[in-house]
J.: 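Submitted below is the structure of interest, expressed as structure tokens.
Both counts, for ligands and for their atoms, begin at 1 and track the order of listing. Just so it is clear, the values below take in all heavy atoms, side chains as well, and ignore hydrogens, waters and symmetry mates.
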Amino acid sequence: MRKIVIAGNWKMHKNLDEVYSFCKAIKEPLMNKKFDRVLPILAPSFAFLSILKDELQDTALQVAAQDVSCHNDGAFTGEVSANMLASLGLNYSIVGHSECRNHHNDSNEVVREKLLKLMDNGIKPILCIGESLAQRDKGETGQVIMEQLEGCLRDVTLYTASDLMIAYEPIWAIGTGRTASGEQAQEVHRLIRKWLADTYKDQLADELCILYGGSVKPSNLAGLLSMPDIDGGLIGGASLDANKYLKMIDIALEHSK
Ligand code: 13P
């Protein structure tokens with residue numbers, strides 16, 4: 001049975017005080033919940049990874065990085081290596097987010113390099129893929145998704161389904177308030193699962209978590225989770241608010257019963 005993942009991507013939001021007050025607000029509620037089938041994740045900026053990890057260490061929450069360098073180490077000012085992340089005890093990192101693809105020109109090949117560095121260091125990548133509005137309008141969604149999967153996972157060995165998560169994030173739905181409908185997202189999630197079955201094994205495809213991202217919020221989460229191939233959310237804006245984040249966890253817990 002796949003887990004339901006509620007992963008918050010804080011992007012470049014929250015300073016130190018804001019991080020502390022968010023942790024204070026969610027710590028006790030998290031400790032009072034039972035997380036058998038639900039996995040809460042938060043991805044703060046690099047600067048606050050350790051703080052979040054320390055503050056929430058007694059909870060079920062997993063702390064994730066938002067990105068990683070494609071290099072092992074060396075003269076790469078401003079970059080953070082997978083080995084550094086692993087040394088903090090992190091188990092997850094987002095990779096291939098459309099904002100990194102757009103702002104830093106991360107190609108599928110670079111995303112693949114980053115993903116391999118994470119895996120080499122025992123960190124599970126949350127691989128983001130998704131089409132632009134122009135690509136969707138031209139009917140190219142399926143082709144773009146396949147190219148991203150093939151490019152980012154070329155010759156990547158997956159031993160079990162828990163080695164990787166995939167997040168389908170249509171770029172036109174990120175930060176726009178325009179969510180893909182459950183049916184629109186489901187269609188792409190099904191395609192991703194089929195590609196996984198064709199490329200790896202049926203069992204791996206059945207067990208791998210595929211998250212949806214793009215204007216997910218408490219009011220639309222239940223509808224998305226009711227789709228057979230949607231296993232949670234990668235959530236930007238709504239994860240910045242402690243009450244909304246907890247509400248989305250409650251929705252996932254309810255759905256997991
Ligand atoms: P929003 O939830 O703010 O649309 O952001 C989605 C996202 O990019 C998560 O990685």
J.: Would you say Gly213 and ligand 1 have an N/O pair spaced under 3.5 Å apart?
T.: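 No, there is no polar N/O contact under 3.5 Å.
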
J.: Does Lys114 pair with Asp67 as a salt bridge, N-O distance under 4.0 Å?
T.: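 The answer is yes: the pair qualifies as a salt bridge.
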
J.: To which protein heavy atom is atom 5 (O) of ligand 1 closest, and what is the distance rounded to 0.1 Å?
T.: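 Atom 5 (O) of ligand 1 sits closest to the protein heavy atom Lys11 NZ, 3.2 Å.
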
J.: Salt bridge or not between Lys33 and Asp250? Use side-chain N to carboxylate O under 4.0 Å.
T.: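 Looking at Lys33 and Asp250, the cut-off is met.
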
J.: Does even one non-hydrogen atom of Ala238 get within less than 4.0 Å of ligand 1?
T.: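 No, that is not the case, since the closest heavy atom of the residue is not under 4.0 Å from the ligand.
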
J.: Using heavy atoms and a threshold below 4.0 Å, how should the contact between Asn9 and ligand 1 be classified: side chain, backbone, both, or neither?
T.: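 Within the 4.0 Å criterion, Asn9 contacts ligand 1 through side-chain atoms alone.
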
J.: How far is atom 2 (O) of ligand 1 from its nearest protein heavy atom, and which residue and atom name does that atom have?
T.: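 For atom 2 (O) of ligand 1, the nearest protein heavy atom is Gly236 N, 2.9 Å.
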
J.: As an exercise, identify every atom of ligand 1 less than 4.0 angstrom from a heavy atom of Gly214.
T.: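 Within the 4.0 Å cut-off of Gly214, ligand 1 contributes 4 (O), 6 (C).
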
J.: Please state which protein non-hydrogen atom is closest to atom 3 (O) of ligand 1 and give its distance, to 0.1 Å?
T.: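 For this ligand atom, the closest protein heavy atom is Gly237 N, 2.8 Å.
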
J.: Indicate the ring-plane relationship of Trp195 and Tyr200, choosing parallel, tilted or perpendicular according to the 30° and 60° boundaries.
T.: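 Trp195 vs Tyr200 ring planes: perpendicular.
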
J.: Kindly check if the number of other-residue, nucleotide or ligand heavy atoms within 6.0 Å of NZ (Lys27) is above 12?
T.: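 Counting neighbours around NZ of Lys27, more than 12 heavy atoms of other residues, nucleotides or ligands fall under 6.0 Å, so yes.
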
J.: Got a salt bridge between Glu99 and Lys11, using NZ or NE/NH1/NH2 to carboxylate O under 4.0 Å?
T.: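 Result for this pair is yes, salt bridge flagged.
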
J.: Looking at Arg154 and Glu109, is there a salt bridge between them, counting it only when a charged N and a carboxylate O are closer than 4.0 Å?
T.: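 Salt bridge: yes.
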
J.: Pick one of side chain, backbone, both or neither for how Lys217 approaches ligand 1, counting any non-hydrogen atom pair under 4.0 Å.
T.: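 Neither part.
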
J.: Between Arg101 and Asp106, is there a side-chain N and carboxylate O pair less than 4.0 Å apart?
T.: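 So Arg101 does not pair with Asp106 through a salt bridge.
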
J.: State the atoms of ligand 1, each with its element, that fall below the 4.0 Å cut-off from a heavy-atom position in His97.
T.: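 It comes down to these atoms of ligand 1: 7 (C), 8 (O), 9 (C), 10 (O).
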
J.: Decide whether the shortest distance between a heavy atom of Ser215 and an atom of ligand 1 is less than 4.0 Å.
T.: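 Ser215: in contact with ligand 1 (<4.0 Å).
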
J.: Where is the nearest protein heavy atom to atom 9 (C) of ligand 1: which residue, which atom, and how far?
T.: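 Answer for atom 9 (C) of ligand 1: Glu169 OE2, 2.9 Å.
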
J.: Against Trp10, only a single residue in Phe22, Tyr245, Phe48, Phe46 fulfils ring pair (Phe, Tyr, Trp, His ring centres under 6.0 Å); can you say which?
T.: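 The single option meeting the ring pair (Phe, Tyr, Trp, His ring centres under 6.0 Å) with Trp10 is Phe22.
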
J.: One pair to check against side-chain hydrogen bond (donor to acceptor under 3.5 Å, both in side chains): Glu18 and Ser21. What are the steps and the verdict?
T.: CA-CA 5 Å; Glu18 291 161 346; Ser21 49; over 6 Å; no

J.: So is Gly233 in contact with ligand 1, going by heavy-atom distances below 4.0 Å?
T.: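 Outside the 4.0 Å threshold, so no.
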
J.: List every atom of ligand 1 that sits less than 4.0 Å from any heavy atom of Ala173, numbering the atoms from 1 in the order shown and giving each element.
T.: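 The list of qualifying atoms is 4 (O).
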
